[in-house]
2 protein chains.
Amino acid sequence: MRISSRGEYGLRALIDLAEQYGRGPVACADIAARQQIPENYLTQILIALRNAGLIQSTRGPQGGHQLSRTPQNIRLVECLSVLEGPVGPVITDRDDHASMNVPSSRALREVWEEVRVATEKVLDSRNLADLTEVRRSQNSKGK
Amino acid sequence: MRISSRGEYGLRALIDLAEQYGRGPVACADIAARQQIPENYLTQILIALRNAGLIQSTRGPQGGHQLSRTPQNIRLVECLSVLEGPVGPVITDRDDHASMNVPSSRALREVWEEVRVATEKVLDSRNLADLTEVRRSQNSKGK
DNA sequence: TAATTGTCAACTAGATTAGTAAAGTTTGCA
DNA sequence: TGCAAACTTTACTAATCTAGTTGACAATTA
């Protein structure tokens, strides 16, 4: 498995917005600077996040981006689905129909499905608030 | 996550060898025909499996490939590591040093690690024998 | 209207994927 | 010995994906 820079950058941006949550729109350039993301590239990632409804964007001076929901209500599994496509193993078989007749292929599908479920479980148990600096320093204090 | 055809083909080949286990070397062409894999492509995959020590190859007439260990002793996690590189999320960050200073990036690493552990657990609990037709039909009979 | 900010579409270099192809090596057998 | 079966190795390719960059445009506010 491999996390693309798009996934990593997108999540960092969302975490940034979670940390700024409630303070109005945050400019793309600000996020890019704080999170060390190429600004023009981040632009495109934010558009995807907006199209998926995870964030809302406002134009013009003092414009920017903000989370559509509270950080607690945005789970990582949803973010990653938007940024990298469906979570879990995806078989890229252009001859799907034919390989269904191969027994080993059917057996493998069950394994991929198990992996998918396990992965999804982890990503479904974490939300954006869990990853913010505030929340995390509270947790470490609690230890 | 995405399973490349190399991973899928390689595992199908290994399952095939598990089903033929104990009957001597199996020719690449035979595996390819049974498992619906492009023969020339499979050639390369088998070499990788041999270099990793999972199979043994013998040349000449009546030559072919066979598992180095019993199917029960070969876990999927090992096969997939050989075929697709390390299991679990891999961050492809060419600026690793810099991003370590970004708090969100550090937080994400912990999540990726959790996913890796969960994935590995599933793949470590399955071996090649579990995926053979014989074993599987026994299981379904058992229900 | 000018400045600020997001939106959209097009383009690119480089890497990866999924093969194909060709030449060479080893071995068993007649 | 010589042929054929089989694996080995290297090189090549087309198509796709990744990680951006660039530039024109739209909307908003002061």
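To find a chain, count down the sequence lines: A is the first, B the second, and so on, and within it residues start at 1. Just so it is clear, the structure is predicted and the values come from calculations on it, not from any experiment.
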Discussion item. Between A:E110 and B:R136, does the salt bridge (charged side-chain N to carboxylate O under 4.0 Å, His left out) criterion hold? Intermediate values first, please.
Written reply: CA-CA 12 Å; A:E110 293 178 26; B:R136 285 166 56 75; 3.0 Å; yes

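Between B:I47 atom CD1 and C:dG19 atom P the separation is 17 Å, expressed in whole Å. Distance CG (B:L42) to P (C:dT20): 12 Å, rounded to an integer number of Å. Taking atom CD1 on A:I37 and atom C1' on D:dT21, their separation rounds to 16 Å, with Å as the unit. With rounding to whole Å, A:E39 atom CD is found 12 Å from D:dT21 atom C1'. Spacing between atom CG of B:N40 and atom P of D:dA11 amounts to 17 Å, rounded to whole angstrom units.
Backbone-only contact: A:T58 has heavy atoms under 4.0 Å from sugar-phosphate atoms and none from a base.
Side-chain atoms of B:Q44 come within donor-acceptor range of the base of C:dT20, with a qualifying N/O pair under 3.5 Å.
Contact annotation: A:S57 side-chain N/O to C:dT7 OP1/OP2 distance is under 4.0 Å. Contact annotation: B:R2 does not reach the phosphate of D:dT16 (side-chain N/O to OP1 or OP2, under 4.0 Å). Applying the 4.0 Å criterion to OP1 and OP2 of C:dT17, one finds that B:Y41 has every side-chain N and O outside that range. Between D:dG20 and A:Y9, a contact under 4.0 Å exists linking OP1 or OP2 to a side-chain N or O. One finds a side-chain N or O of A:R50 lying less than 4.0 angstrom from the OP1 or OP2 phosphate oxygen of C:dC8. For B:S5 and C:dA18, the shortest distance from a side-chain N or O to OP1 or OP2 is below 4.0 Å.
A distance-only check finds a donor-acceptor pair linking the side chain of B:E19 to the backbone of B:E133 [under 3.5 Å]. A side-chain donor-acceptor contact under 3.5 Å links B:S68 to the backbone of B:G53.
Note: B:I45 CD1 to B:L14 CG = 10.0 Å, rounded to the nearest 0.5 Å.
For the pair A:S4 and A:T43, both in contact range of DNA chain D, the more 5′-proximal nearest nucleotide belongs to A:S4.
Here D:dT8 is the nucleotide among D:dT22, C:dT7, D:dT8 with the atom lying nearest to any side-chain atom of B:R59. If you check C:dT20, C:dC8, C:dA3 against the side chain of A:P61, the one that comes closest is C:dA3. With distances taken from any side-chain atom of B:R6 to the nucleotides C:dA18, D:dG20, D:dA6, the minimum falls on C:dA18.
The existence of a salt bridge linking B:R75 and B:E120 is excluded, since no basic side-chain nitrogen approaches an acidic carboxylate oxygen closer than 4.0 Å. A salt bridge is defined here as a Lys NZ or Arg NE, NH1 or NH2 lying under 4.0 Å from an Asp or Glu carboxylate O, and B:R2 with A:E84 fails to meet this definition.
If one axis is set at each end of the helix from C:dT1-D:dA30 to C:dA30-D:dT1 from five pairs, those axes are 0° apart, to 10°.
Counting only N and O atoms by type, the side chains of B:D16 and B:Q35 include a donor and acceptor under 3.5 Å apart.
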